[in-house]
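The next block holds one structure in the form of structure tokens; read it before the comments.
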Amino acid sequence: DARRVTMYIFGPETLFGFMPLLDNGPYPATAETITEVEAMVMSKQAFHAVVREHPDLCLHPLSALSRRLREAIDQI
């Protein structure tokens with residue numbers, strides 16, 4: 001309905017936009033910067049290759065996802 005809602009304000013070195021790497025769906029939001037940003041991008045294929053070689057690396061995005069889910073539940 002064309003509403004704009006600020007969901008998160010990320011700081012330096014924050015992982016975001018990784019949901020499609022985990023569930024193959026589209027990212028459900030857009031991002032906008034309020035300051036100059038330097039971002040790193042990883043393709044799904046590269047992410048999966050790294051996780052196959054280093055499975056423990058998957059814990060970081062899962063932890064971030066868990067924190068954001070808790071925050072969303074707290075807001076509800």
Side-chain angles (χ1 to χ4, degrees):
D1 65 1
R3 287 185 307 153
R4 296 182 90 171
V5 176
T6 301
M7 296 171 59
Y8 299 102
I9 297 178
F10 298 116
E13 299 181 18
T14 303
L15 180 65
F16 73 97
F18 56 86
M19 284 176 31
L21 300 176
L22 301 173
D23 70 2
N24 295 320
Y27 193 71
T30 58
E32 211 175 286
T33 66
I34 55 176
T35 62
E36 189 171 315
V37 171
E38 184 175 323
M40 295 172 51
V41 177
M42 179 178 272
S43 71
K44 185 185 311 184
Q45 294 79 11
F47 176 75
H48 288 202
V50 168
V51 169
R52 276 193 292 278
E53 287 192 33
H54 307 280
D56 289 351
L57 290 178
C58 201
L59 295 176
H60 185 65
L62 290 175
S63 178
L65 185 59
S66 178
R67 275 192 311 276
R68 292 185 198 146
L69 180 57
R70 285 183 185 278
E71 291 171 5
I73 290 170
D74 288 344
Q75 287 182 11
I76 293 170

For a quick test of reading the model, state the closest non-hydrogen atom pair linking K44 to P20 and the distance between them.
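Closest heavy-atom pair between K44 and P20: CE-O, 3.8 Å.
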
Minimum heavy-atom separation for C58 and L22, please, with both atom names.
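Nearest heavy atoms, C58 then L22: SG-CD2, 4.4 Å.
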
Is the backbone of E36 close enough, under 3.5 Å, to the side chain of T33 for a donor and an acceptor to pair up by distance?
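Such a contact is absent between T33 side chain and E36 backbone.
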
Can you tell me if Y8 uses its side chain to pair, donor with acceptor, with the backbone of R68 under 3.5 Å?
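Checked: pair present.
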
Please tell me whether F10 and L65 are part of a single hydrophobic cluster in this structure, the criterion being side-chain heavy atoms less than 4.5 Å apart.
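Hydrophobic grouping puts F10 apart from L65.
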
Nearest 0.5 Å, what's the [atom1]-[atom2] distance between [X] and [Y]?
| X | Y | atom1 | atom2 | result |
| --- | --- | --- | --- | --- |
| D74 | L69 | CG | CG | 9.5 Å |
| E53 | H48 | CD | NE2 | 14.0 Å |
| L21 | M42 | CG | CE | 8.0 Å |
| T30 | R4 | OG1 | CZ | 7.0 Å |
| M7 | E71 | CE | CD | 10.5 Å |

Go through the steps for H60 and F18 under the test side-chain contact (heavy atoms from CB on, under 4.5 Å), then give the verdict.
CA-CA 11 Å; H60 185 65; F18 56 86; over 6 Å; no

Within a 6.0 Å radius of atom CD1 on I9, are there more than 12 heavy atoms belonging to other residues, nucleotides or ligands?
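No, not enclosed.
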
Do other residues, nucleotides or ligands put more than 12 heavy atoms under 6.0 Å from F16 CZ?
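Atom CZ in F16 is not crowded, with 12 or fewer foreign heavy atoms closer than 6.0 Å.
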
